[in-house]
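The structure under discussion appears below in the form of structure tokens.
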Amino acid sequence: MSGGDSTTALVLEGELSIRTAAQVHDQLQQAWAEGQHILDLSRVEAADSAGIQLLVAADKTLMAEGRRLQISGASAPVKDLLALYGLTPRFLAAAA
Amino acid sequence: MSQDDDILAAAQEGFLQEAQDMLQQFEAGLLALESNPDDTEALNSAFRAAHTIKGTAGLFGFEAVVAFTHEVESVMEAMRSNELSLTDDSFAILLEGRDQIEGLLAELGTAHPDAELAQRGKALAQRLRGMRGVAGTPSESALAPAAQAATAPALVTQAVAASGMPVWHISLRMGADALRNGLDPMSFIRYLDKLGQVVHLHTLTDDVPALAGLDPESCHLGFEIRLASDADHAALLHVFDFLREDCVVDILTPEADAADFEALLAHRCPPESEPGRREALSAVWASQGVTIAAQATGALPSPAPADAPASAPSLVPSAPERRSNTERRTAPRAEEARFIRVRADKLDNLIDMIGELVIASSGAQLAAQLEHSVRFSEAALRIHDLVEQARDGALGLRMVPIGETFTRFQRVVRDVSKQLGKDVDLQITGGDTELDKSMVETIADPLMHLVRNSLDHGLELPDAREAAGKSRQGRLALHAYHESGGIYIEVSDDGRGLNRDRILAKAIERNLVEANAVLDDEAIHQLIFMPGFSTADQVTNLSGRGVGMDVVKRNVESLRGSIKVASQEGKGATIQIRLPLTLAIIDGFLTQVGGVSYVLPLELVAECLEVPRECSQEPERVCGHFDLRGEVVPYLELGQFYRHPPPKNGRRSVVLVRDGAQRVGLVVDRLLGEHQTVIKPLGQVFQHIQGLAGSTILGSGEVALILDVPALLALATGRLSVNAARPTAQRSAV
């Protein structure tokens, strides 16, 4: 995780799931506090509903400040799940 | 693979046990309802019980149970919505239904289906459907709610997918704990895709807070799903069985009309919810092709008849069906959350461990005393206190209220009294008295026997009662209470009582007593518990159905309990069972006699006294009487009784113990104070010794003997010959 530049992406690796939710939650809060708003999910190996929920929460946090979450890249598991949940347009419109 | 089978077998075992509990709840609910038809809580409770059985049986694929229970449930549901009124007949049928479910459950364990049972089930299901038919409800047995096409005002939706499969609507709201419990909605949605085709899915994220307010492990998601599937309603509900406690799910059939959607909307977005929610959900539905609107355009085919009113739809009969559907999905959660099922052997292990802990803690305390270390002593004392609390807590885990067992008798009393043409009022008091679960199980059969005896032989027919100057309705009472370290359970009736002369005559005839024996009432009453007394013949008021009163007595005694009878001829009889509080650990009072430690149950100790003159004057006497503040009280010299050598230095004490109304003084050498006592069984060698209830291990590793106070009392009051009972070769018992 690199510091405070609003144009660099926060790279999440490994799982984006209930098992890592607490940790990712902290990571996101810190990154958002530092002004970031881009996530790189291309190295996420597995995702579940808890992960998706974190993306929604992250997006809502930014919306309150008039910004939106940008996902610069997403791995297949993330894409699949977003598609299943009908959330592809919300998160991956730009990345596609 | 075999491990999976084990898990499944264990889960099934759990299901069968739960089902038994639910059947009991069902029955209790019905009986309560019978006495008070306005008791909606009783109706709901019975309904929930039936529903839980159906749901869990479905989980295991016990189709016969599911199908039949469904019939019962449907009748209950009609009752709940007041479509069906309650008659005596309906109770009888529902109770038969309960027995049928029990029969089906019992059949699960066997390899061969019982044709007769199936036949009975079919007939009963017919009658259950008949009940609903009378009330004008649709009588088809389909699990799906009936289509009410004529009442659909203006629903514009696509009821059939391009694939030709009917389209269902599933509205799912996850519970906060779902993810934590390992239940991820994505698995369920993926599974739905196998049952058919998810045409549309909208994920509701309104409830997901911003990062700052988010507990990342809680679930705040909701889903509105359009599913094209040939599966039936039950199969779809089945998908969510695992989620049952962690979600609220509503499934609308392809035939669902505007009213159904309207009701769902009202349910999801009650008036008190945030403004705009309702509109948002409607918009979601609209995006899925479901529009409930009067201004529907003609672009989509409308299944509604042209003359249907386009105003706000009223709640049609299928609406309450679905609302109650939601209710029953959420209601069990509150109830089940209060209980966890634990394997009995785990609990027993825990209690064993606590027992060892108690002993080890006594050891630590003793060591601390010997070390003369204040800090060590304080620490040991603190541990001792905590261990004591842990002990009470652990023993409490095994305690269950006896009320559950008592309520089981309501059915017996109802059925048997109807069968015998008697009118009996069953009164239950003290149902919240708690006792050890294993005791409850052992005591249930003897109690059943006593209740049946009272019904069969104690209580008279209404006419006979009237002739005897009593009310036509007989009274049968079950009463439980705690007193002086024991639990008392009483079965009493106001029937004809025990016939003293006939019992005596019978006992003489059977050579149980001498022909010229002179016995007081209590001794005569005790005769009915003699083996060989209550066989077949109808001479006594108390006769058995295979088991005699001697078996009842043996069961009670196996629990270290005792049984007594009080009876007044023509007025009634009371049978009192006394049981110890626990089977494992007691608070003891430690004494020493002739170098051996003896433990008395602390709750039986009334007071400690100096040795009165009467005893010290005659040191060779084993027992006698002394004057306690003007009262004559028997005493037993334990040193003499157990033939210990007399103590060298004199200052001895008397411990006054009581059992019910009776008291006895026990002369001991030394008083050592309170002691937590883990009861261990006596070895074979000591089993014949009178007056001992068990043994225990002291902190020092020495063995102490636990005294059986009721037995000692009997000895001291001369009911048994002391010399005959006195142990022969006996010194130190260790």
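Throughout, protein chains are lettered first and strands after them, A, B, ... in sequence-line order, and every chain is numbered starting at 1.
- Not one N or O on the side chain of A/Y85 forms a donor-acceptor pair closer than 3.5 Å with the backbone of B/F223.
- For a residue to count as touching a neighbouring chain, one of its non-hydrogen atoms must lie under 4.5 Å from one of that chain's; by this rule B/A212 touches chain A with backbone and side chain alike.
- Using a 4.5 Å heavy-atom threshold, the side chains of A/V24 and B/P216 count as separate.
- B/T203 contributes atom OG1, which lies 8.5 Å from atom CD1 of A/I52 (distance to the nearest 0.5 angstrom).
- Heavy atoms of B/S218 lying under 4.5 Å from chain A belong exclusively to its backbone.
- Rounding to the nearest 0.5 Å places CG of A/D80 at 6.5 Å from CZ of B/R190.
- Side-chain contact between A/I18 and B/D184 is absent, with no heavy atoms from C-beta onward closer than 4.5 Å.
- Put simply, the residue from A/R90, A/Q53, A/K60 that forms a side-chain hydrogen bond (donor to acceptor under 3.5 Å, both in side chains) with B/T205 is A/R90.
- Within the 4.5 angstrom heavy-atom criterion, atoms from both the backbone and the side chain of B/P185 approach chain A.
- Top candidate by heavy-atom pairs under 4.5 Å with chain B, chosen from A/L87, A/V56, A/L28, is A/V56.
- A/L81 contributes atom CG, which lies 6.0 Å from atom CE of B/M186 (distance to the nearest 0.5 angstrom).
- Both the backbone and the side chain of A/A50 come within contact range of chain B, judged by heavy atoms closer than 4.5 Å.
- Few gaps surround CZ on B/R180; more than 12 heavy atoms of other groups in view lie less than 6.0 Å from it.
- When A/A21, A/A22, A/S49 are compared by the number of non-hydrogen pairs under 4.5 Å with chain B, A/S49 comes out ahead.
- Interface check for chain B: of the options A/L62, A/L54, A/D59, the most heavy-atom pairs under 4.5 Å are formed by A/L54.
- Interface remark: A/A47 contributes backbone atoms only to the contact with chain B (heavy atom separation under 4.5 Å).
- Within a 6.0 Å radius of CZ in A/R68, more than 12 heavy atoms belonging to other residues, nucleotides or ligands are found.
- Taking both residues in full, the closest heavy atoms of A/T61 and B/L211 are given as OG1-N, 2.8 Å, listed atom of the first, atom of the second, then distance.
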